[in-house]
Amino acid sequence: MQLEALVQESIRSVLDRLGLSPPEIPVDRPPRRELGDLSSRVAFLLAKEARRSPQDIANDLAQALSGHPAFSQVQAVQGFLNFFLRPETLHEVLRRVLREDLAYGKGQEGAGKKLQVEFVSSNPTGPLTIGHGRQAALGDVLANIFSELGWEVTREYYLNDEGRQIELLAQSLWARYRQALGDPQPIPEGGYHGDYLIPIGQELAERFGNAYPEWNAEAKKVFRNEVVPRMLRLIEEDLEAIGVRFDVWTREGDIIRKGLVDEVLQRLRERGAIYEKDGAIWLSAKTHGLGRDPVLIRSDGTPTYLMVDIAYHLDKFRRGFDWVVDVQGADHIEEQQQVKLALRLLGLPEGFLSYCLHQFVTLKGAEGIEKMSTRAGKFLRLKDLVDEVGRDAARYFMVMRKPESHLVFDFELAKKQSLENPVYYVQYAHTRIASVFREAQARGELPADLLSVDLSPLKEPEELRLIMELDRFPDVLRVCAREFGPHLLCEYLENLAGIFHPYYARVRILGQGAATPARLALLAGIKLVLFRGLSILGVRAPEEM
RNA sequence: GCGCCCGUAGCUCAGCGGAUAGAGUGCCGGCCUGCGGAGCCGGAGGCCGCAGGUUCAAAUCCUGCCGGGCGCACCA
């Protein structure tokens, strides 16, 4: 049993005897060590009902808990109930961690349920930038976390390979093609200026010669067909660099062909949620509190991106997902409100769709802070970033901040192979432990079975603190899932490593008689949790570095 | 103007109803002849953007204001 549950149960049993029943039994980590290992503010919640002071209630509870075998002491301080754990209680925690091994932290919260995580979903108009990198890492790590909690997770990329942006892209390529032939055609208004189209233009100039002197319907078709697969290849290279694989790619055209656009329109019409104006079809969003009414069907009869996106989400529902999480940038906020409104009007279950919204990335490097734009051709390609700092640092840095906060990617720090770099700090703890085990093996000090060693020599304060930290791991994963906040896992791992390193510096592991096997067991537990955490982040946990 | 997000140590950021607000980095001062010194220990450094309100209790919730980001297309 986890410590939090242990404390809760102990309190509950006592409350029953006293005839009190709080709405919940909160268990916290006290801010300072002298206040115990765990605490509860339950007395505050009972004060009103019992018409007694919190301190008074806490006194009674502490008194009633005084003989509990798991605690060396239970104190009532200013209304708080503070628990001091006996070392044996913590030793049992460590033993449980080692016993659960690679399953430690896993859960059944999502068992039997299907979750789709949609992320990146960048239009194939160019390679991915570091901004997409944040989304790639976030989506992938969230998917990992939900898998740990039992969900059957599908990673999905929504590919928008039609429409006006692709046309502009094709025309931009055509202009590069003309330029390669010595015809100084300009990049179209709102077109794509990136260098990545130049070599393709040259290649097509060699292949086609002067076959397409005009930007007409035929050229449009040819250049569109040339450019999209090439852009997709670039995107796949970027995704591979950062270590992300998708299970399903869905194209906008697939959704339209399934007839879902017509069905959605029909159902919205029945609800009186759409109207016609200026030859287009609009969604009545203002009457539902949104800022403006968006167009669903243009006056030329084609559906807007929003329209297809709504239909796409109906499709997700039909495909049997119990829950969908879309990872999107801050520039999609308005659309998110519109999609959610439409799904509500369509009668989909509330909560079927959640958005993990993230702010943008700026790059802090030797050249200062850069702003990026794919259209203007001003960006750092994701693959180039990964090549420079490595996949581990790239992934770690992308998720180490709260998604809804801006991320300043410190390029120089990410490259550093020293403990200033948080990813190395965590990895180094893992490596260090691996090294100790190699040494223990060489010296013949490695016990055959760590599970059955006597843990009673573990009584140094850091040792008990480390076990307390190991106990938190399952809970950290759950909070990460609930908050869409993988950064909390990074913080946890840094904290764990941050207790281990000083401990290691102060306390010798090998050659310490009965303490050695016990400390090796502790190190095995730390190594396991570091490995589990780093794996979930998609970061290597090296044996040597 | 409207919507959403963010203003916490010099810098990058955690904490988001509870007890003296934390970490990393930077700065200052000590250590370091053993399992990986790619370190370790200590110190200084904060009207938690501002002003009200709710609460036994507010960095945390509510309102207003100020500052920054993003969006407000028959683009995606």
| query | Side-chain N or O of H406(A) less than 4.0 angstrom from OP1 or OP2 on C70(B)? | reply | no
| said: Between E162(A) and R224(A), does any side-chain N to carboxylate O distance fall below 4.0 Å? | reply: no
| request: Compare the minimum distances between each of C75(B), C74(B), U25(B) and the side chain of R164(A), then state the nucleotide with the smallest one. | output: C75(B)
| Contact class for E334(A) (heavy atom, under 4.0 Å): base, sugar-phosphate, or nothing? | sugar-phosphate
| field | U60(B) and G15(B), which share atom name C1', separated by this distance in whole Å | value | 9 Å
| said: Between U54(B) and C61(B), how many Å separate the two C1' atoms, rounded to a whole number? | reply: 8 Å
| remark: Between CD of E162(A) and P of C74(B) the distance, given in whole Å, is 20 Å
| request: Please work out if P30(A) contacts a base, only the sugar-phosphate, or nothing of the nucleic acid, heavy-atom cut-off 4.0 Å. | output: base
| message | OP1 or OP2 of G15(B) versus the side-chain N and O atoms of K402(A): is any pair under 4.0 Å? | response | yes
| request: Could you check which of G36(B), C40(B), C75(B) has an atom nearest any side-chain atom of Q165(A)? | output: C75(B)
| message | We want to know whether Q135(A) and H358(A) form a side-chain donor-acceptor pair, criterion being a heavy-atom distance below 3.5 angstrom. | response | yes
| Between G7(B) (C1') and E404(A) (CD): distance, integer Å | 14 Å
| request: Grab the CZ-C1' distance between R298(A) and A73(B) for me, whole Å please. | output: 10 Å
| Euclidean distance, atom CZ of residue F397(A) to atom P of G24(B) [Å, nearest integer] | 15 Å
| said: Rounding to an integer number of Å, can you tell me how far R401(A) CZ sits from G15(B) P? | reply: 11 Å
| When you measure from every atom of RNA chain B, which of residues 37-47 of chain A have a heavy atom less than 4.0 Å away? | S39(A), R41(A), F44(A)
| request: Select base, sugar-phosphate, or nothing to describe what P31(A) touches, counting heavy atoms under 4.0 Å on all strands. | output: base
| field | Interatomic distance at C1', C47(B) relative to A9(B), whole Å | value | 14 Å
| note | Regarding the side chain of F80(A), the nearest nucleotide among G36(B), A19(B), G34(B) is A19(B)
| Pairwise C1' distance, C66(B) and U25(B) [rounded to whole Å] | 30 Å
| task | Check every strand shown and say whether H487(A) touches a base, only sugar-phosphate, or nothing at a heavy-atom separation below 4.0 Å. | result | sugar-phosphate
| request: May I ask you to decide whether E388(A) forms a salt bridge with R381(A), counting only side-chain N to carboxylate O separations under 4.0 Å? | output: no
| field | Canonical and wobble pairing (Watson-Crick, G-U, under 3.5 Å) of RNA chain B, dot-bracket with | | value | (((((((..((((....[...)))).(((((.......))))).....(((((..]....))))))))))))....
| said: What contact category does A280(A) fall into here, base, sugar-phosphate, or nothing, at under 4.0 angstrom with non-hydrogen atoms? | reply: base
| Side chains of N421(A) and Q417(A): closer than 4.5 Å at any heavy-atom pair? | no
| said: Once you apply a heavy-atom cut-off of 4.0 Å, does R292(A) come out as touching a base, just sugar-phosphate, or nothing? | reply: sugar-phosphate
| field | Side-chain ion pair, K402(A) and E404(A), N-O less than 4.0 Å | value | no
| task | Report which part of the nucleic acid E34(A) touches: base, sugar-phosphate, or nothing (heavy-atom distance under 4.0 Å, all strands). | result | base
| task | Using the closest heavy atom to pick a nucleotide of RNA chain B for each, name whichever of K48(A) or E494(A) lands nearer the 5' end. | result | E494(A)
| request: Classify the nucleic acid contact of D278(A) as base, sugar-phosphate or nothing, counting any heavy atom under 4.0 Å across all strands shown. | output: base
| request: Name the residue closer to the 5' end of RNA chain B, choosing between G511(A) and Y305(A) according to the nucleotide with the nearest heavy atom. | output: G511(A)
| said: Using atom C1' in both nucleotides, what's the gap between G45(B) and G69(B) to the nearest angstrom? | reply: 29 Å
| query | Which part of the nucleic acid, if any, lies within reach of Q337(A) when heavy atoms closer than 4.0 Å are counted: base, sugar-phosphate only, or nothing? | reply | sugar-phosphate
| Is it true that the side chains of E463(A) and Y503(A) contain a donor and an acceptor less than 3.5 Å apart? | yes
| task | Please work out if F437(A) contacts a base, only the sugar-phosphate, or nothing of the nucleic acid, heavy-atom cut-off 4.0 Å. | result | nothing
| said: Please classify the nucleic acid contact of M400(A) as base, sugar-phosphate, or nothing, using heavy-atom distances under 4.0 Å. | reply: nothing
| Does any N or O in the side chain of D293(A) come within less than 3.5 Å of the main-chain N or O of A285(A), such that one atom is a donor and the other an acceptor? | yes
| message | Show me the pairs that pass ring pair (Phe, Tyr, Trp, His ring centres under 6.0 Å) and involve residues 288-313 of chain A, at least two apart or across chains. | response | Y158(A)-Y312(A)
| message | What's T431(A) touching, base or sugar-phosphate or nothing? Going by heavy atoms closer than 4.0 Å. | response | base
| task | Could you measure between the two C1' atoms, the one in C31(B) and the one in G49(B), and give it in whole Å? | result | 41 Å
| Heavy atoms from other residues, nucleotides or ligands near NZ of K415(A) exceed 12 (cutoff 6.0 Å) | yes
| request: Classify the nucleic acid contact of R506(A) as base, sugar-phosphate or nothing, counting any heavy atom under 4.0 Å across all strands shown. | output: nothing
| said: If we ignore hydrogens and angles and just use 3.5 Å, is the side chain of R519(A) paired with the main-chain N or O of R508(A) as donor and acceptor? | reply: yes
| query | In whole angstroms, how far is the C1' atom of A21(B) from the CZ atom of R29(A)? | reply | 19 Å
| field | Touch class at under 4.0 angstrom, heavy-atom based, for S418(A) against every strand present | value | nothing
| Which value, in whole Å, describes the distance between the P atoms of nucleotides C48(B) and G22(B)? | 14 Å
| query | When rounded to the nearest Å, what value does the distance between P atoms of A44(B) and G29(B) take? | reply | 15 Å
| message | Less than 4.0 angstrom between a side-chain N/O of S435(A) and OP1 or OP2 of G36(B), yes or no? | response | yes
| said: Counting distance alone, no hydrogens or angles: does the base of A19(B) have a donor or acceptor under 3.5 Å from a partner atom on the side chain of N82(A)? | reply: yes
| Out of G36(B), C40(B), C35(B), which has the shortest distance to the side chain of Y504(A)? | C35(B)
| message | If I take atom CG in residue L413(A) and atom P in nucleotide A38(B), what distance separates them, rounded to the nearest angstrom? | response | 18 Å
| Are the side chain of T431(A) and the backbone N or O of M545(A) linked by a donor-acceptor pair below 3.5 Å? | no
| Quick check: are there more than 12 heavy atoms from other residues, nucleotides or ligands sitting under 6.0 Å from CD of E24(A)? | yes
| Cut-off 3.5 Å, side chains only: do T250(A) and E156(A) have a donor facing an acceptor? | yes
| field | K340(A) NZ - G71(B) C1' separation (whole Å) | value | 17 Å
